[in-house]
**Student:** 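Below you will find the structure I want to go over with you.
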Amino acid sequence: MSSANTTPTPIPGSAAPSGITASASHLGADPKITRRLTRVKHIILVLSGKGGVGKSSVSAQLALSLSSQPPPEGSTSNSTNGKAKVGILDIDLTGPSIPRMLGLDGENVRQSSDGWVPVFTDAQQNLAVMSVGFLLRSKNDSVVWRGPKKNAMIKQFLGDVRWGDLDYLIIDTPPGTSDEHISALEYLNGFHPSAVMVTTPQAVSLADNLRSLDFTRKTGLPVLGLIENMSGYMCPHCQECTNVWGKGGGEALAQREGIRFLGRIPIDPGLVRLLDDAREEAVRKEAGEVTKASDDSSNPRIEGEDQEGAKEGRAAKKEEEEDVSATIPTATTGTALSRTTVQRYFDSQTFPIFQSITEKIKEEVERFKQQLQAPR
Amino acid sequence: MLAVQSQPSLLRSTENPQPSNQPGHPIASSATVSTSTAPDSVARALPDQVPENAPEHCPGTESDQAGKASACQGCPNQSVCASAPKGPDPDLPIIKERMKAVKSKILIMSGKGGVGKSTFTAQLGWAFSSDEETQTAIMDIDICGPSIPTILGLANQSIHASSTGWSPVYVSDNLCCMSIGFLLPSQTSAVIWRGPKKNGLIKQFLKDVDWTAGLEEEEEGEEREERDMREEREERGEPLIDYMLIDTPPGTSDEHLSIVGYLKESGIDGAVLLTTPQEVSLQDVRKEISFCRKMSVPIIGIVENMAGFVCPACHGRSDIFYPSTGGAKALCEELGLNFLGSVPLDPRIGKCCDLGESFVDEYPDSPASKAYLEVIDKIRKIVA
Ligand SMILES: Nc1ncnc2c1ncn2[C@@H]1O[C@H](COP(=O)(O)OP(=O)(O)OP(=O)(O)O)[C@@H](O)[C@H]1O
Ligand SMILES: [Mg+2]
């Protein structure tokens with residue numbers, strides 16, 4: 001074989017995240033983004049090398065967990081109910097899953113004098129959500145965009161959304177390492193984002209994860225830790241644990257690469273259903289409550305709180321009169337939804353596991369911030 | 001303040017999306033001109049915002065002046081626009097010529113990641129090539145997450161070039177494949193590329209790869225036979241490659257617009273869409289359907305993957321991805337599409353992928369293999 005003549009030039013810039021460093025300082029200084037993001041304490045990106053491994057479900061769970069816990073020390077989010085303020089931004093523009101997973105399908109984003117109002121899952125506005133899914137007219141609509149439009153959208157999500165004061169902003173990313181990722185990191189430059197990696201235990205997926213670790217290294221993005229998702233499955237008939245996608249690969253990878261292993265989430269069909277029909281469930285529950293008022297008595301506190309919160313939320317925003325009426329419908333639906341989604345989530349098998357993952361992420365994020373503040 | 005009740009309506013401008021970097025492309029000219037994908041159009045479509053990055057006199061990405069006009073000074077997209085090809089793309093005729101060698105081109109798509117596109121593509125390739133007379137090529141355009149090399153058991157191969165172009169990597173005499181995975185310095189190198197670079201590579205795959213290279217392989221004994229086939233086909237004026245299977249990344253973005261754009265003249269026979277049964281995935285396949293309809297790519301049908309899990313220990317069936325809204329079948333009925341079948345989740349499929357083996361050949365009696373073969377049969381009939 002005369003292979004001497006010729007291996008085609010292997011990919012020239014496979015190493016160079018072209019543009020990230022070049023334009024970062026300029027773009028990072030975008031005044032609108034700065035104005036919004038200086039009010040956000042921690043920015044956490046959820047990444048994976050492969051698609052479908054659970055980035056969105058991890059993002060959703062992380063956001064729900066964090067927003068049900070007390071704010072971190074030194075919080076400036078002015079939370080009124082003792083819970084952290086969390087935002088979740090879905091930058092998977094061509095395949096947004098966050099609205100569905102949080103039971104917010106069909107909600108609308110509204111315009112206020114101070115930018116787009118995110119959709120809140122709850123009346124107290126502890127969890128703010130923004131996704132391109134809210135901007136689509138129909139579920140059959142698609143976003144067919146090349147890079148520049150996607151970049152402009154992300155920029156707008158960061159600069160034009162009225163996030164307010166947040167303790168955490170969780171960013172759910174699409175699969176791959178392309179425009180969305182490069183742009184998000186460019187825009188976030190200077191705001192110290194960090195990343196949580198999600199993987200399944202399978203080898204094809206591990207190769208992909210090494211690639212995405214390579215991405216974090218080339219872009220200088222600190223990794224808080226790695227979650228092994230869909231690890232093992234319990235057959236409901238025989239209780240035998242089958243390793244559908246293998247098991248343990250994530251932990252081994254974390255060890256080898258010197259990353260903290262945050263935990264292992266088994267396959268939980270209940271979680272799929274929870275994330276799939278959060279809304280249907282909410283609507284059903286709401287309808288059921290009309291006829292069966294006694295259901296409520298089991299949980300009067302939450303309802304009372306919600307209504308209080310709704311009032312407070314409205315009062316707190318009096319500086320933007322016109323906006324208030326606009327958010328009411330969202331807040332009302334949010335009340336019903338949050339009660340069920342959150343409640344069902346707390347009851348799910350995965351919840352306790354994810355609580356411990358959340359704790360570790362909080363620790364890591366604080367540690368990372370301290371490192372930043374430490375004098376060199 | 002203005003539009004209190006109004007929802008930001010940016011998506012209205014995507015009714016007729018255009019492959020913005022392909023001037024002279026038929027789709028571009030048929031779509032509404034006013035929705036040109038100028039870099040500022042996202043912002044412009046918003047109700048009451050004039051972002052600082054939208055130059056008032058943006059010439060549009062298709063223009064000769066794109067990136068060069070005075071209005072472009074300081075626009076964040078300036079360099080992208082300036083470097084994008086202008087005017088009729090001189091490479092399109094070359095691609096068309098190359099693609100004359102290929103009879104049927106099939107896209108494998110999914111909205112969601114990780115639903116089994118690449119596994120299915122490989123399985124389809126193996127199945128087609130089990131007939132010695134059938135020549136099949138697989139083109140992997142998932143630039144940031146190529147998995148075809150591993151799945152086909154070609155992980156450490158690289159590409160060679162000859163006078164006629166790059167030679168694809170051969171799995172067998174009549175099954176070959178091209179992927180960015182063969183071009184990377186290591187399997188774990190991240191490909192951190194924006195759209196234009198990805199598009200450039202896809203174009204190279206179409207333009208610079210000699211898909212028929214293997215037919216001239218000079219191997220003892222086989223040579224005669226192969227020659228005969230080549231000659232025979234050439235005499236009859238038939239294309240040398242029967243099927244080209246194109247494995248795409250999830251989503252509806254640069255890669256998808258580019259492949260459809262580049263193949264517009266040669267024609268795409270259709271797209272096979274993959275999904276898992278749960279609504280979160282079906283939602284994304286709707287986006288793919290919408291893309292195909294906007295781009296006039298015929299939809300061959302939808303395959304539902306990972307539908308139900310059969311426990312290897314007790315053979316009991318359970319749903320990991322519960323079809324909370326009726327699964328792919330209900331979606332097909334709703335939208336009038338072919339439902340091609342359901343493939344159950346079998347943990348051995350994943351293992352075969354890691355090892356680069358063909359699941360259908362390894363476990364011919366498994367329900368998943370039967371399902372795969374049924375689906376493949378349907379596709380073969382529809383494409384023929
Ligand atoms: N631990 C788990 N057990 C069972 N199902 C899970 C688990 N984690 C995620 N899933 C389900 O798997 C599917 C894929 O997850 P998800 O949508 O979060 O992946 P993703 O990485 O965001 O995918 P994409 O790359 O398409 O954005 C979802 O239906 C989700 O509900
Ligand atoms: Mg996702």
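Remember, it's a predicted structure, so these values are computed and weren't measured experimentally. Proteins get letters first, then strands, A, B, ... in listed order; numbering begins at 1 in each.
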**Student:** Testing B:Glu288, B:Lys294, B:Arg286, B:Arg293 for side-chain hydrogen bond (donor to acceptor under 3.5 Å, both in side chains) with A:Ser142, which one passes?
**Tutor:** B:Lys294
**Student:** How close do B:Ser318 and A:Tyr233 get, heavy atom to heavy atom, and via which atoms?
**Tutor:** OG-OH, 2.7 Å
**Student:** Side chains of B:Ser258 and A:Arg146: closer than 4.5 Å at any heavy-atom pair?
**Tutor:** yes
**Student:** Is A:Glu186 salt-bridged to B:Arg194, going by a charged N under 4.0 Å from an acidic O?
**Tutor:** yes
**Student:** What part of A:Ser183 gets closer than 4.5 Å to chain B, counting heavy atoms only: side chain, backbone, both or neither?
**Tutor:** both
**Student:** Under a 4.5 Å cutoff for heavy-atom pairs, which residue among B:Phe309, B:Phe321, B:Phe182 has the most contacts with chain A?
**Tutor:**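 It is B:Phe309.
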**Student:** Can you say whether B:Val280 sits under 4.5 Å from chain A via the side chain, the backbone, both, or neither, judging by heavy atoms?
**Tutor:**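 Its backbone and side chain both get close to chain A.
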**Student:** How many angstroms lie between atom CG of B:Asp284 and atom CG of A:Asp92, to the nearest 0.5 angstrom?
**Tutor:** 7.0 Å
**Student:** Counting heavy-atom pairs under 4.5 Å with chain B, which one of A:Ser56, A:Gly176, A:Gly95 comes out on top?
**Tutor:**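 It is A:Gly95.
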**Student:** Locate the shortest heavy-atom distance separating B:Gly195 from A:Ser178; write the atom from each residue and the value.
**Tutor:**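 Answer, listing the atom of B:Gly195 first, then A:Ser178: N-OG, 4.4 Å.
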**Student:** Measuring heavy-atom distances to chain B, does A:Pro96 have an atom under 4.5 Å in its side chain, in its backbone, in both, or in neither?
**Tutor:**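 Both backbone and side chain.
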**Student:** Is any side-chain heavy atom of B:Cys311 closer than 4.5 Å to one of A:Cys238?
**Tutor:**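 Of all side-chain heavy-atom pairs linking B:Cys311 with A:Cys238, at least one is under 4.5 Å.
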**Student:** Looking at A:Asn140, is its backbone amide N or carbonyl O close enough to the side chain of B:Lys287 to form a donor-acceptor pair, meaning the two atoms are under 3.5 Å apart?
**Tutor:** no
**Student:** With respect to chain A, which residue among B:Glu255, B:Gln278, B:Gln187 yields the maximal number of heavy-atom pairs within a distance under 4.5 Å?
**Tutor:** B:Gln278
**Student:** Of the backbone (N, CA, C, O) and the side chain (C-beta and beyond), which part of B:Leu345 lies under 4.5 Å from a heavy atom of chain A, both, or neither?
**Tutor:** side chain
**Student:** What residue in B:Thr252, B:Ile289, B:Val285 has the most heavy-atom pairs under 4.5 Å with chain A?
**Tutor:**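 The residue among B:Thr252, B:Ile289, B:Val285 with the greatest pair count is B:Thr252.
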**Student:** Which atoms of B:Ile349 come close to chain A, meaning under 4.5 Å heavy atom to heavy atom: side chain ones, backbone ones, both, or neither?
**Tutor:**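 The answer is neither part of B:Ile349.
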**Student:** Within this structure, what is the CZ-CD distance for the pair A:Arg100 and B:Glu279, rounded to the nearest 0.5 Å?
**Tutor:**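 That separation rounds to 4.0 Å.
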**Student:** Could you tell me which non-hydrogen atom of A:Pro175 sits nearest to which non-hydrogen atom of B:Pro250, and how far apart they are?
**Tutor:**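 Closest approach of A:Pro175 to B:Pro250: CG-CG, 3.5 Å.
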**Student:** Tell me, out of B:Lys112, B:His256, B:Arg317, B:Arg348, who's got the most heavy-atom pairs with chain A below 4.5 Å.
**Tutor:**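 Heavy-atom pair counts peak at B:Arg317.
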**Student:** If every non-hydrogen atom of A:Trp145 is compared with every non-hydrogen atom of B:Leu257, which pair is closest and at what distance?
**Tutor:**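 That closest heavy-atom pairing would be C-CD1, 4.3 Å.
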**Student:** Can you find a heavy atom in the side chain of B:Tyr322 that is under 4.5 Å from one in the side chain of A:Asp276?
**Tutor:** no
**Student:** Quick one: pull up OG in B:Ser186 and CG in A:Leu210 and give me the separation to the nearest 0.5 Å.
**Tutor:**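 Rounded to the nearest 0.5 Å, the OG-CG separation comes to 8.5 Å.
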**Student:** Do you know which of B:Ser290, B:Cys314, B:Ser281, B:Pro347 has the most heavy-atom pairs with chain A at a distance under 4.5 angstrom?
**Tutor:** B:Ser290
**Student:** Would you indicate whether the side-chain heavy atoms of B:Pro146 and A:Arg211 approach each other to under 4.5 Å?
**Tutor:** yes
**Student:** How many angstroms lie between OG1 in B:Thr188 and CG in A:Asn209, if you round to the nearest 0.5 Å?
**Tutor:**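 Between atom OG1 of B:Thr188 and atom CG of A:Asn209 there are 11.5 Å.
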